[in-house]
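Read the structure below first, then the notes.
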Amino acid sequence: MTLATKVVPALLGGFICIYGLVSGFVKERLFLSESLVATLFGIVIGPQAINLVDPRDYVDVEKFTLEFARYVIAIQVMAAGITLPRRYIVRKWRTMSVLLGPVMVVMWLVTAGIIMLMFEISFKQALLIASCAAPTDPILANSVVKGRYAEANVPKNVRDALSAESGINDGLGFPFLYFALYLLNESYSTGHAMAKWFYWTWCYQILLSIAIGIIVGYVARKLLRLSEAYDLIDKESFLAFSIGLSIFIVGCLQLIRSDDVLCCFIAGHSFTWDDWFREETKDAHFQEVLDGLINVSFFIYFGAIIPWHEFKNPELVIEPWRLVLCALMVLFLRRLPVVVLLTKITPAFRNYRQSIFAGWFGPIGVGAIFFAETVLEEIEKEPENFHIRSREIIQPIIIFLILSSVLVHGITLPLVYIG
């Protein structure tokens, strides 16, 4: 641990400095995403390459990854909610209904079908794994919704729709996850599983978190405006307020075991319901700087913990060729066809060119690993009630899908120009 406290800061700080010197060239000339570069760096310094650092030597990787991903996602979805135009979710309810309804359900079912076909598992087991990959990732989506290059090449209507979708569907992934998890629990009858899914997942986790998010965001907005009106808050604290709010919500919602990720997004959007905070901070880049540091740190960590040895396990029917074929089918079939088919009823996409772009850039990222670790945590509570394969197969598949998405979406940024 003592060595880690020296090596990790040196590597992380060195990467941030060196990458920062050429970041504009990498993003705007080479068209490589920040997440891709950070992941590749993590792989290089990890145990499978030059072995400068191995997180498994210092932390319980599963527990640490779960909490690290939780806070990264919470801060990002809060930022997504804040940066949306005023009352966006209400004004664009038709677009949100399509993207969060039929599109997300089809993404889940198509991914499950591909996984079932490729790895010879039951459909219920495939549904559980697919629930982790159903939501789009707000962090990987940043490359096409934020920054100078995105603003110059992607219409605002598309950027707003992708940002809103990726922000809210990470929280709405829990109903898909718990639906499959309860059905796989051998101690539950089908009726018991469906009843618990309704009252615990939908009522307690989803609806309660939405209500809390609306209230917390409203109260926080009123308090901040009052503080600013009486000149009680300094500029630094004003800019950091949303970060503190997201951390506060995660802690509180974890105490009552409700959906902290969804609550953060709703609170962020409620917080900027009147556009006041967004307008006040639009020329400050504190949020973007902090987001960049957190995201780079996570993807370096992700690159270092990739379990390469688990990508070949004949007993679990996991082979490299199966993983590659599965990833290609998921990336091309999970989202693109359904988004294009529903173009006519998705007002945010004004033509097929925009819907093809939105259908392609629905990456799998931090949210997927967060859900995968959540599944493993839930199974560990009652291991005797789940088939052992449900636990062992989920991590290699999800991590390979994330790696594939980081690589493929990270090098297809030239497609970003859609007029």
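Taking CZ of F174 as the start and CG of L262 as the end, the distance is 9.5 Å to the nearest 0.5 Å. Rounded to the nearest 0.5 angstrom, L40 CG and L403 CG are separated by 8.5 Å. How far CG of L140 is from CD1 of I364: 9.5 Å, rounded to the nearest 0.5 Å. Rounding to the nearest 0.5 angstrom, the gap separating the OH atom in Y88 from the OG1 atom in T95 is 6.0 Å. Taking CD1 of I379 as the reference point, atom CG of L184 lies at 7.5 Å (rounded to 0.5 Å). In this structure, Y182 OH and W197 CH2 are separated by 11.0 Å, a value rounded to the nearest 0.5 Å.
R159 places a side-chain N or O within donor-acceptor distance of the main-chain N or O of V154, the cut-off being under 3.5 Å. A donor-acceptor pair is defined here as one N or O able to donate and one able to accept, closer than 3.5 Å; no such pair exists between the side chain of T136 and the backbone of P363. Under a 3.5 Å cut-off, the side chain of R56 and the backbone N or O of V61 do not form any donor-acceptor pair. Distance alone, capped at 3.5 Å, places no donor-acceptor pair between the S131 side chain and the G173 backbone. When atom types are taken as modelled, the side chain of S404 and the backbone of F400 share a donor-acceptor pair closer than 3.5 angstrom. Remark: the backbone N or O of L84 is not paired with any side-chain donor or acceptor of H269 at under 3.5 angstrom. Checked by atom type and distance alone, the side chain of S237 never pairs as donor or acceptor with a backbone atom of I233 at under 3.5 Å. Checking side-chain atoms of R334 against main-chain N and O of G362 turns up a donor-acceptor pair under 3.5 Å. Of the possible donor and acceptor atoms, none in the side chain of T65 sits under 3.5 Å from a partner among the backbone N and O of E62.
Between I139 and F299 there is a side-chain heavy-atom pair separated by less than 4.5 Å. Counting heavy atoms from C-beta on, the side chains of V338 and P102 never come closer than 4.5 Å. Between F41 and Y19 the shortest side-chain heavy-atom distance does not fall below 4.5 Å. Residues I393 and I129 have side chains in contact (heavy-atom distance under 4.5 Å, counting atoms from C-beta outward). L109 places a side-chain heavy atom less than 4.5 Å from the side chain of L127. Between I306 and Q48, the closest side-chain pair of non-hydrogen atoms is not below 4.5 Å.
Considering only residues two or more places apart in sequence or on other chains, W308 meets the ring pair (Phe, Tyr, Trp, His ring centres under 6.0 Å) condition with F311. Scored by the side chain to side chain donor-acceptor pair (under 3.5 Å) test, K196 finds Y188 as partners (sequence neighbours excluded).
The shortest non-hydrogen separation linking C263 to L253 is SG-CD2, 3.8 Å. V406 approaches L36 most closely through the heavy-atom pair CG1-CA, 3.6 Å. Taking every heavy atom of both residues into account, I305 and P55 meet most closely at CG2-CG, 3.6 Å. Listed here is the closest heavy atom pair of D170 and P135: OD1-CB, 3.2 Å. Closest non-hydrogen pair, V77 versus G167, comes out as CG1-O, 3.4 Å. Scanning both residues, G213 and S270, for their nearest heavy atoms gives O-CB, 4.0 Å.
Within the structure, every pair that satisfies the side chain to side chain donor-acceptor pair (under 3.5 Å) test and touches residues 369-382, not counting sequence neighbours, is listed here: Y178-E378, N185-E382, E373-Q395, E378-K381, E380-R391, E382-N385.
Between F198 and W202, the distance separating the two ring centers is not shorter than 6.0 angstrom. Aromatic ring centres of F271 and F241: separated by under 6.0 Å.
Salt bridge absent: E279 and R86 never bring a charged side-chain N and a carboxylate O closer than 4.0 Å.
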#### Entry: Stepwise side-chain hydrogen bond (donor to acceptor under 3.5 Å, both in side chains) check, Y71 with S246
CA-CA 8 Å; Y71 281 95; S246 61; over 6 Å; no
### Message
For L99 and F349: C-alpha separation, side-chain torsions, deciding distance, then whether side-chain contact (heavy atoms from CB on, under 4.5 Å) applies.
### Response
CA-CA 11 Å; L99 294 178; F349 306 142; 4.2 Å; yes
#### Entry: Residues S163, T83; criterion side-chain contact (heavy atoms from CB on, under 4.5 Å); working and verdict
CA-CA 9 Å; S163 184; T83 55; 4.3 Å; yes
### Task
Could you please spell out the steps behind the side-chain contact (heavy atoms from CB on, under 4.5 Å) verdict for E310 and I318?
CA-CA 8 Å; E310 294 183 12; I318 295 179; over 6 Å; no
### Task
Begin from the C-alpha positions of I89 and F265 and carry the test side-chain contact (heavy atoms from CB on, under 4.5 Å) through to its verdict.
CA-CA 11 Å; I89 297 299; F265 175 83; 4.1 Å; yes
#### Entry: Working for salt bridge (charged side-chain N to carboxylate O under 4.0 Å, His left out), residues E120 and R322
CA-CA 11 Å; E120 301 175 10; R322 289 181 184 271; 3.6 Å; yes
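Between F68 and F298, the ring planes are perpendicular. Angles over 60° get that label, and only those under 30° would be called parallel. Ring orientation note: the planes of F277 and F238 are tilted relative to one another, at an angle of 30° to 60°. Between F176 and W108, the two ring planes are perpendicular [angle over 60°; tilted spans 30° to 60°].
Between the side chains of D137 and Q76, no donor-acceptor pair is found at a separation under 3.5 Å. For the residue pair N313/E392, the side-chain donor-acceptor check at 3.5 Å is not satisfied.
For E315, the CD atom counts as loosely surrounded, since its 6.0 Å shell holds 12 or fewer non-hydrogen atoms of other residues, nucleotides or ligands.
A side-chain contact (heavy atoms from CB on, under 4.5 Å) with I402 is found for one member of L407, V366, I369, I397 and no other, namely I369.
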